Each structure stands twice: as structure tokens, then as C-alpha cells.
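What follows is a short report on a single structure.
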Amino acid sequence: MVPLVLGILVIALIAGALFFYPPLRNSVHEGWSSLFYPKELATVRFIASSNGTGALYVRAGSEFVPHTITDEGALPSETFASFTDDGTLASILLFPDGFTVLAIDGAQVHASVSEKTTVDLSPNKQLLAFTEKTPGSAESRAVVLNRGNKNQTVLGTGFSPFFIDDTRVLWFSSEGIMLTELPSGVVTILEKASVKVTSFPVLSPDGTRVAWMDSTGMLQLRRLEGTVLVSAVTYPDVPDGARLGLGNVGLYVLSPVDAGTEVRRYPLEQGEPKRIYTFETEWNILQLIP
């Protein structure tokens, strides 16, 4: 009986220490979080929205904290940002006067009243590719902006342009997946496909894979070789409202659940998806950036 009572007292003392002594509580929390948090997401960032605006979150220790892009504009509630290999951030900012701004590390590059949803920065950081609503129309168009001379090149009616390199842009239209050679203006249809705009298609950081949700709710994954898309992988039964994040080693599907936002990893080749983490947050995660 005595050992049992002593055991209960010890447990009570430990619980009290954890509750009343924050440094100990935090260290245990960090250890617990590190134990179960997948290493492959150690440097992940995500954009989440709440009450009409978005915020970029980065990992700091065992927590995710908001990353301040600028003290003035805010991320729109529906937006898509991108990072270069050295961590340079290209983003869209919404200002109270109604202007939307293309920014690099918070510094304004281009401003207009046209609604914008996606932005990507070329490897040499001289070009920005973005999606904007066509003036006077409900359609969107894919555009490339030269930072130096401010010239704009309209790729066509479409959305989600990504730089494969400094001269080639992959983008999406009602015809399928397109590839534009900027110096010549030559456009190639890589694949005739239906692409769901609201799921935000994704390109891997190394530019070798692309993934999208089609209009039937199927998840499509391809490998890009030159001007050809190969190695078709199709995943059915993806949850409604899912968003995508594509790394060099895995395809991540984010879907809302009661506990927050669940992350599942899908193999880059055919295989079964695996749940790897659940972000316990009341925010709606729009984009996971590996």
C-alpha cells in the first residue's frame, strides 16, 4: 500500500512541476513534439487563412510562429507564395486601398488593382510569374513580369505559372498543361488535361515533377523530362478541399479534419499514402511549402 501511495505522490509532484514551472513544461513539450514531428517536415513553411487574411508560418523550435513579411500589407485569404533555394520569398500582398502587390522579401515590385492569387520567382530573381484576374472578366491569365524594365508578357488565359528555369515557364489552361519558351514565345501543350483551379497545382523545388487535382477529384502526378511529361501516377479518393505540397522526396496532401489539418504523404511513384502529421490549428492551411 505504501509504495502505491508514494507512486501517486511522485506522479502528482511531476504533474505539478509541469503545470506550475513553465521552463520544465516547455522543455517536455518540445521533447514530445520533436519525438513525433516528422523530420521531413522540419523546415516546412505553410500559409494559413483566417477572417479574410492569410499568414505565413515558419517553424521555431517546437512551435510554428507567424513570419512578418511587411508591417503594411497582408496576405490575401486565397494566395500562393514561393521560395527560392536561398530562401528568398515571393509573395502577394493586399493593401487597404485595394491594391495588390507583388513583393520579394516584402519589398514592392509591382502593384495594381487586379486580384492576384499565385506568384513564382525565377532562379535568377529577374522575373516574376503570376496569376491575375483578367480586367473586366471572370477569367484569369498567366503573366510574366520583368523586374528590370517592368515589361509584362501575357502567357495566355490560365493560371499557376511556374519557372522550370530562367527561360521556361510551365502553366495551366483549359487546354491542359502548357510550357512557354520565353525567348521565342513558343508554346507547347505538355498534356491535355482538366485541372482544378482551386486546389493550386504544384511544382517540386527541383522543377522535375508537377502535381494537380483534376476536375474529377483525382490527384495527378507527373515527371517532367525536357518538354515531355512522363510517369503517370494517379491517386483516387483524395479528400474534398485538399491542398497540395510537393517536395523533392514526397507529395503531400493537406485536408481539413476535426483536429486541424491532416498531412498525408503520397509516393512519387505508385504506392499507398501515409498519414504523417496533423497540424492542430484552427486556421485553414492553404499551402504547405516543403
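Here the structure is a predicted model, which is why all the values come from computation and not from measurement.
- Ion pairing of K274 with E272 is absent here, as no side-chain N (NZ or NE/NH1/NH2) approaches a carboxylate O to less than 4.0 Å.
- Under the 4.5 Å side-chain heavy-atom criterion for Ile, Leu, Val, Met, Phe, Trp and Tyr, L128 and L89 are members of distinct hydrophobic clusters.
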Note to self: side chain to side chain contact (heavy atoms under 4.5 Å, CB included) for E191 and I189? Distances and angles first, verdict last.
What the structure shows: CA-CA 6 Å; E191 181 174 333; I189 301 178; 5.9 Å; no
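- When all heavy atoms are compared, the tightest approach of L121 to L127 is CD1-O, 3.4 Å.
- Exactly one residue among T131, L286, L244, T118 makes a side-chain contact (heavy atoms from CB on, under 4.5 Å) with F200. That residue is T118.
- The environment of K150 atom NZ is dense: over 12 non-hydrogen atoms of other residues, nucleotides or ligands sit within 6.0 angstrom.
- For the pair V169 and P161, the tightest heavy-atom approach, listed with the atom from each and the gap, is CG1-CB, 3.8 Å.
- Side chains of V238 and M213 form a contact here, defined as non-hydrogen atoms less than 4.5 Å apart.
- In this structure, the side chains of F130 and Q152 come closer than 4.5 Å at one or more pairs of heavy atoms.
- Remark: T216 OG1 to Q220 CD distance equals 7.0 Å, nearest 0.5 Å.
- Of the possible polar contacts, none joining the Y57 side chain to the I285 backbone as a donor-acceptor pair under 3.5 Å is found.
- In this structure, CD on E225 lies 10.5 Å from OG1 on T227, to the nearest 0.5 angstrom.
- For Y266 and Y252, the gap between ring centers reaches or exceeds 6.0 Å.
- The two residues S140 and G158 have their closest heavy-atom pair at OG-O, 2.9 Å.
- A continuous path of ILVMFWY side-chain contacts below 4.5 Å connects I104 to I92, so both sit in one hydrophobic cluster.
- D206 contributes no side-chain N or O that, together with a main-chain N or O of N248, makes up a donor-acceptor pair within less than 3.5 Å.
- The main-chain N or O of N146 is never found under 3.5 Å from a side-chain atom of N151 such that the two would form a donor-acceptor pair.
- Interatomic distance, L268 CG to L246 CG, rounded to the nearest 0.5 Å: 6.5 Å.
- Taking all atoms of both residues into account, the shortest heavy-atom contact from S204 to G247 is CB-O, 3.8 Å.
- Here the CG atom belonging to L56 is positioned 5.5 Å from the NE2 atom belonging to H67, to the nearest 0.5 angstrom.
- F159 and F172 have parallel rings, their planes meeting at less than 30° on a 0 to 90° scale where 60° marks the start of perpendicular.
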Notebook entry, point to check: Step by step, would you call E262 with R275 a side chain to side chain contact (heavy atoms under 4.5 Å, CB included)?
Noted result: CA-CA 7 Å; E262 183 178 85; R275 177 197 167 277; 3.5 Å; yes
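- Two residues are said to be in side-chain contact when any heavy atoms from C-beta on lie closer than 4.5 Å; V65 and V58 meet this criterion.
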Note to self: Could you walk me through whether Q108 and H110 satisfy the side chain to side chain contact (heavy atoms under 4.5 Å, CB included) test, starting with their C-alpha distance in whole Å, then the side-chain angles of each, then the deciding distance to 0.1 Å, before giving a yes or no?
What the structure shows: CA-CA 6 Å; Q108 177 176 318; H110 171 73; over 6 Å; no
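- A side chain to side chain donor-acceptor pair (under 3.5 Å) with S231 holds for exactly one of R222, E269, R209; it is E269.
- Cluster membership check: L203 shares its hydrophobic cluster with L179, using side-chain heavy-atom separations under 4.5 Å among Ile, Leu, Val, Met, Phe, Trp and Tyr.
- Between L288 and F279, the closest side-chain pair of non-hydrogen atoms falls below 4.5 Å.
- Counting only heavy atoms from C-beta outward, the side chains of V263 and T278 never approach each other to under 4.5 Å.
- In summary, of the residues considered (D120, D86, D85), a salt bridge (Lys or Arg N to Asp or Glu O under 4.0 Å) with K125 occurs for D86 alone.
- Taking 4.5 Å as the limit, every side-chain heavy atom of V253 sits out of range of all side-chain heavy atoms of Y235.
- Across every non-hydrogen atom of I289 and A81, the tightest pair is CD1-O, 4.2 Å.
- K133 and E139 are not joined by a salt bridge, as no carboxylate oxygen comes within less than 4.0 angstrom of a charged side-chain nitrogen.
- The shortest non-hydrogen separation linking A193 to I177 is CB-CD1, 3.7 Å.
- A single hydrophobic cluster is not seen to contain both W171 and L145; linkage of ILVMFWY side chains at heavy-atom distances under 4.5 Å, directly or through other members, places them apart.
- The CG atom of L224 lies 6.5 Å from the CZ atom of R168; values are rounded to the nearest 0.5 Å.
- Side chains of F46 and T261 form no contact here, defined as non-hydrogen atoms less than 4.5 Å apart.
- The side-chain contact (heavy atoms from CB on, under 4.5 Å) test with L219 singles out one residue from T234, L251, D237, and that residue is L251.
- Grouping the Ile, Leu, Val, Met, Phe, Trp and Tyr side chains by contacts below 4.5 angstrom, directly or via other members, places M218 apart from V195.
- Donor-acceptor pairing under 3.5 Å is lacking for the side chains of K196 and S215.
- Considering OG of S82 and CZ of F163, their distance stands at 9.0 Å, rounded to 0.5 Å.
- No side-chain donor-acceptor contact under 3.5 Å links T188 to the backbone of L190.
- S184 contributes a side-chain N or O that, together with a main-chain N or O of V186, makes up a donor-acceptor pair within less than 3.5 Å.
- Cation-pi geometry between R45 and F83 is satisfied (NZ or CZ under 6.0 Å from the ring centre, within 45° of the ring normal).
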Next item on the list: I would like to know whether T100 and V113 meet side chain to side chain contact (heavy atoms under 4.5 Å, CB included); could you show each step before the answer?
Entry: CA-CA 6 Å; T100 54; V113 295; over 6 Å; no
